[in-house]
Amino acid sequence: MWRRCQVIRKRLASIDDRAIHRLVVEQLVPFSRLYDTGSSVTFSEIRKRLNQNKTFVTAKGLKQPFGFITMIRKSRVLFIDMLAIDSREQGRGWGHELMKVAEEYGKSERCLTAELFVDESNPKAIRFYLGKGYEIHSFIPELSCYKMSKKLRR
């Protein structure tokens, strides 16, 4: 998918992981109650999650990414672990495009549903996922997150 020389591609650890870590710290951690203001997410923690998951990035060719999505297949469920877009690129459809790539990956892996957690303190993300057809199924108090899911149609 090309848009003004921008592409969605598979993660290249040597090029992408530092930028993905920055996006996690800037775009995801502020909403998470798992991390108070005095703690941080380490680069090695993020790299470990990325190595266990399938990750796609959006970038200008082979330059550092300005967005990413990472997911893992668990039986017939695609679990979307993290999605983040740099604030300067938000509102341009990149989150939508990354979600399409993730859901197509899930379908290719014969997943029946996609699931994710979204922080209750992030109403913008909740609206985003509701707009993509995800439904809220439960609230997990210990995480302060909603569990959302969507059936994947072939």
Other residues, nucleotides, ligands: >12 heavy atoms within 6.0 Å of Glu135 CD: no
Side chains of Leu98 and Phe68 in contact at under 4.5 Å (non-hydrogen atoms): no
Leu23 and Phe66, any side-chain heavy atoms less than 4.5 Å apart: no
Passing option when Thr55 is tested against Ile20, Ile69, Ile72 for side-chain contact (heavy atoms from CB on, under 4.5 Å): Ile20
Any donor-acceptor N or O pair under 3.5 Å, side chains Arg127, Asn122: no
Pair Phe128 and Tyr134, ring centroids less than 6.0 Å apart: no
Side chain to side chain, Leu28 and Met82, heavy atoms closer than 4.5 Å: yes
Val57 and Arg9, any side-chain heavy atoms less than 4.5 Å apart: yes
Met71 vs Asn53 side-chain heavy atoms within contact, under 4.5 Å: no
Arg110 CZ: over 12 foreign heavy atoms closer than 6.0 Å: no
CZ (Arg22) with more than 12 external heavy atoms under 6.0 Å: yes
Salt-bridge criterion met for Arg47 and Asp17 (N-O under 4.0 Å): yes
Sidechain N-carboxylate O distance under 4.0 Å for Glu45, Lys48: no
Over 12 foreign heavy atoms within 6.0 Å of NZ, Lys107: yes
Verdict with supporting geometry, Glu103 and Lys150, salt bridge (charged side-chain N to carboxylate O under 4.0 Å, His left out): CA-CA 10 Å; Glu103 290 174 6; Lys150 173 182 177 178; 3.1 Å; yes
Note, Lys54 side chain near Lys10 side chain (heavy atom, < 4.5 Å): yes
Note, Val118 side chain near Lys147 side chain (heavy atom, < 4.5 Å): no
ring-ring contact (aromatic ring centres under 6.0 Å, His included), paired with Phe117, selected from Phe31, Phe79, Tyr146, Phe139: Phe79
